[in-house]
4 protein chains.
Amino acid sequence: MVTSPLRADAARNRDLLLATARAVLAAEGPTLQLNDIARRAGVGVGTAYRHFPTRRALVEALADDAFTALLGEAREANRHDDAWTGVAMLLRALLLRQLADPALTEILSTGPDQDATERTTGHRDEFTTLARGVLERARAADLLRPGLADDDLQHLVCGVVFALRIGDSLEERVDRYLQVLLRGIRAG
Amino acid sequence: MVTSPLRADAARNRDLLLATARAVLAAEGPTLQLNDIARRAGVGVGTAYRHFPTRRALVEALADDAFTALLGEAREANRHDDAWTGVAMLLRALLLRQLADPALTEILSTGPDQDATERTTGHRDEFTTLARGVLERARAADLLRPGLADDDLQHLVCGVVFALRIGDSLEERVDRYLQVLLRGIRAG
Amino acid sequence: MVTSPLRADAARNRDLLLATARAVLAAEGPTLQLNDIARRAGVGVGTAYRHFPTRRALVEALADDAFTALLGEAREANRHDDAWTGVAMLLRALLLRQLADPALTEILSTGPDQDATERTTGHRDEFTTLARGVLERARAADLLRPGLADDDLQHLVCGVVFALRIGDSLEERVDRYLQVLLRGIRAG
Amino acid sequence: MVTSPLRADAARNRDLLLATARAVLAAEGPTLQLNDIARRAGVGVGTAYRHFPTRRALVEALADDAFTALLGEAREANRHDDAWTGVAMLLRALLLRQLADPALTEILSTGPDQDATERTTGHRDEFTTLARGVLERARAADLLRPGLADDDLQHLVCGVVFALRIGDSLEERVDRYLQVLLRGIRAG
DNA sequence: TATGAATGAGCCTTCATTCAT
DNA sequence: AATGAATGAAGGCTCATTCAT
């Protein structure tokens, strides 16, 4: 079954809702209210529910661009000659993409069983595969602290994101925290 | 003026409410609702509000034991001969206490301006002082990665707590993550 | 922009709420509770709040007809040839409209700063202007006891309404009290 | 049955409650809350309820002094040589006492059937008798507008009180409004 | 398909009153 | 007699979701 292309007006509404939700998410934190988004988008609640039957579906749609970009960066990390540089690229991308889009953090911090769309599950699987590649290479070269599972790394990055969001002046702390993480997971 | 000891029945209710809240917090996450706690404790809503006028007051009361214990451990870390061991003791205590009591994480992850009681503000100040002592000693011995502020450390530990809570089998991951953090913040 | 006409069902609910509120107000005094009105109207609370976001908005809507009618009568009073008859018409209308609709008394007895709608503020302003016209004409002809401000008159009528509502058999006392007032404010 | 004299401490508490209630009434309007009064008086709620089992009982106790003083003035009015002066004295006293003590207005604006104490009922009866005397004398001398019942006068004064309380700068309006009333009720 | 009115469960909070201490 | 903790009905309001138009 192929998803039928949206009618022009339906597509416009969908984009409008996403743009509005993104703005609200950035400005007011992760308490998305479909009602509120619909009103601000100048669209009926019913329309909002048609496009995004659950809050989760909306969050996934919001995160989709960031997730796609992240996959591209993960592929690049995988291709890089130097194994450790690959790890650094991967984690850096994972960190920055989440900082730039809180919706992505919500997706990555929760289980795949909560995914509303197959698309997100697919992204998740692909990312897992790519990350495994990057990390296995590093492990093969004894660059990674022994005992760290792939999931551990992903969780730790989420943790760093959380740590960064606690205080102010986030931007100037990003590299500091990233270096701590990288040094911490490195062998030796 | 000394706070008068509670009447026996009042003390019983207070404890009942705290125990209930602790159980709910552990089982269902940080969405404490005073009404709900009161109902589950088999106590009138009014009683809950008398003891804890706001959600924050309840969380602080919940966290109080853990916070007190943490202070004791921080003092111990401060007294330890070896500066680096002191740091490890401090961060380990900070990590374990939060894992054991989610209320403590809420207190530590939010601003002091939200504190409802002076007692909590006092704890916070004392912890800050103790931590500064521990960390300054380590800095004086060039044991700590340059550029890390005291707050950074506290935030990073909160981040590790967050990371640990994302997945399952939390206990077996604790030491792994803690080692990553310690290695990451160590100089050299 | 014209206020769009309500959908048929919305209009029905609005009218239902107003009718219910009017009945309750007449029967049980000025303690309007939105929750209660909604329940009695057989309508969800949310519906009540959608139509009347505050108690004040409801009271203003209730008083609207009476206020509009009062404005008509005030215009008529203003146009009447005889200045004193104009005064009598004005005060009589002010008195009778309040007796017929307690909501109007609430509006007139409280400050314009509490108005929820511009419409009510507009009514209030227009009434003030009309009343000033009527009273100025009477003052110019030395028919009004010196020293009485426009506001005094309005307050005194509210006072007479209050006096009438204290006891029973209201109707037969109206003219008596009105005559007392008219004689009292007349010069000489 | 004679009311037993209060123990000294009980009398002290009673006075304390009354003084507090009077202050609150003056400062914050007629929404007396027994709980609140008790707390402000530094007395247990239970004690407040012992002394004043209902809100009404408290209001009556509050009004008692004013009511007693009013009776004295009514007697004086009754004794005055000039019948019309007697009326003026009576109404003036009735007006000023209410302005000075809102509790008195509440008593006078409600039915005798709501009285909690016999004492208040007695006051009410005595006042009625005295007022009847004053007014009958005036009627006998054809000084009073025909058709006005004793109750009408009392209600009208309550209305004037209400009118005075609507706006600001109450004091400077008292005499103006009182003159309106006196002129209005006078024959001719 | 789009709309937005309607719904009502459910949370927060207050306060009059009772009753154990 | 005094105290004040406990109670819980009740009111205010929000918001996720459904459904008539």
Side-chain angles (χ1 to χ4, degrees), chain A residues 6-14 17 31-39 41-55, chain B residues 4 6-14 16-17 31-39 41-51 53-55, chain C residues 4 6-14 16-17 31-39 41-55, chain D residues 6-14 16-17 31-39 41-55:
Chain A
L6 289 173
R7 270 170 36 183
D9 57 343
R12 196 166 9 88
N13 276 338
R14 189 171 190 282
L17 284 163
T31 323
L32 285 185
Q33 298 174 202
L34 271 193
N35 252 336
D36 181 50
I37 303 296
R39 189 175 40 70
V43 144
V45 225
T47 307
Y49 270 84
R50 166 173 299 275
H51 285 292
F52 308 105
T54 65
R55 208 193 85 99
Chain B
S4 62
L6 287 175
R7 261 165 43 177
D9 56 346
R12 193 167 8 90
N13 275 334
R14 189 172 192 280
L16 194 53
L17 285 163
T31 323
L32 282 187
Q33 297 171 196
L34 275 187
N35 260 354
D36 180 51
I37 302 298
R39 192 172 39 68
V43 142
V45 227
T47 306
Y49 273 86
R50 165 181 288 270
H51 286 290
T54 64
R55 206 194 83 97
Chain C
S4 61
L6 287 176
R7 259 166 44 178
D9 57 344
R12 194 168 5 90
N13 275 334
R14 189 171 192 281
L16 194 53
L17 284 163
T31 322
L32 281 188
Q33 298 171 196
L34 275 186
N35 261 353
D36 180 51
I37 302 298
R39 193 173 38 69
V43 142
V45 225
T47 306
Y49 274 87
R50 164 180 290 270
H51 285 290
F52 309 105
T54 64
R55 206 193 85 97
Chain D
L6 289 174
R7 271 170 35 182
D9 57 342
R12 195 166 9 90
N13 276 337
R14 189 173 191 280
L16 197 50
L17 285 163
T31 322
L32 284 186
Q33 300 173 200
L34 270 194
N35 252 338
D36 181 51
I37 304 295
R39 189 175 40 71
V43 143
V45 226
T47 308
Y49 270 84
R50 167 174 299 274
H51 286 292
F52 308 105
T54 65
R55 207 193 85 99

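Letters A, B, ... are given to chains in the order of the sequence lines, protein chains preceding strands, and every chain is numbered from 1. All values reported here derive from a predicted model rather than from experimental measurement.
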To the nearest Å, how far apart are [X] [atom1] and [N] [atom2]?
X       : N      : atom1 : atom2 : result
C:Arg12 : F:dA20 : CZ    : C1'   : 10 Å
B:Arg39 : E:dC12 : CZ    : P     : 11 Å
A:Gln33 : F:dA16 : CD    : P     : 5 Å
C:Leu17 : E:dA5  : CG    : C1'   : 12 Å
D:Leu16 : F:dA2  : CG    : P     : 12 Å
B:Leu32 : E:dT13 : CG    : P     : 13 Å
A:Ile37 : F:dA16 : CD1   : C1'   : 14 Å
A:Arg14 : E:dA2  : CZ    : P     : 12 Å

What is the distance from atom CG of B:Asn35 to atom OH of B:Tyr49, rounded to the nearest 0.5 Å? 5.5 Å
About how many Å separate CG of D:Asp9 and CZ of D:Arg14, when rounded to the nearest 0.5 Å? 14.0 Å
Less than 4.5 Å apart, side chain to side chain, heavy atoms only: is that true for A:Leu34 and A:Val45? no
Are the side chains of B:His51 and B:Thr47 in touch, meaning some heavy atoms are under 4.5 Å apart? yes
Under 4.0 Å: is that the gap between some side-chain N or O of [X] and OP1 or OP2 of [N]?
X       : N      : value
D:Arg55 : E:dA16 : no
A:His51 : E:dT1  : no
D:Thr47 : F:dA1  : no

Which residues pass the side-chain hydrogen bond (donor to acceptor under 3.5 Å, both in side chains) test with A:Arg39, not counting sequence neighbours? A:Asp36
Mapping D:Gly42 and C:Asp9 to their closest nucleotides on DNA chain F, which lands nearer the 5' end? D:Gly42
Given that C:Asn13 and D:Leu34 both sit by DNA chain E, which one's nearest nucleotide is further toward the 5' end? C:Asn13
Quick check for you: among [options], whose closest atom lies nearest to any side-chain atom of [X]?
X       : options               : result
D:Val43 : F:dC15, F:dT7, F:dT3  : F:dT3
C:Tyr49 : F:dA1, F:dT14, E:dT18 : F:dT14
C:Arg50 : E:dT1, E:dA6, E:dT14  : E:dA6

Under a 3.5 Å limit for both distances, which nucleotide forms a Watson-Crick or G-U wobble pair with E:dA16, could you say? F:dT7
Using Watson-Crick or G-U wobble geometry with both distances under 3.5 Å, which nucleotide pairs with E:dT21? F:dA2
Looking at the base of F:dG12, is there any donor atom on it, or on the side chain of C:Asn35, that sits under 3.5 Å from an acceptor on the other one? yes
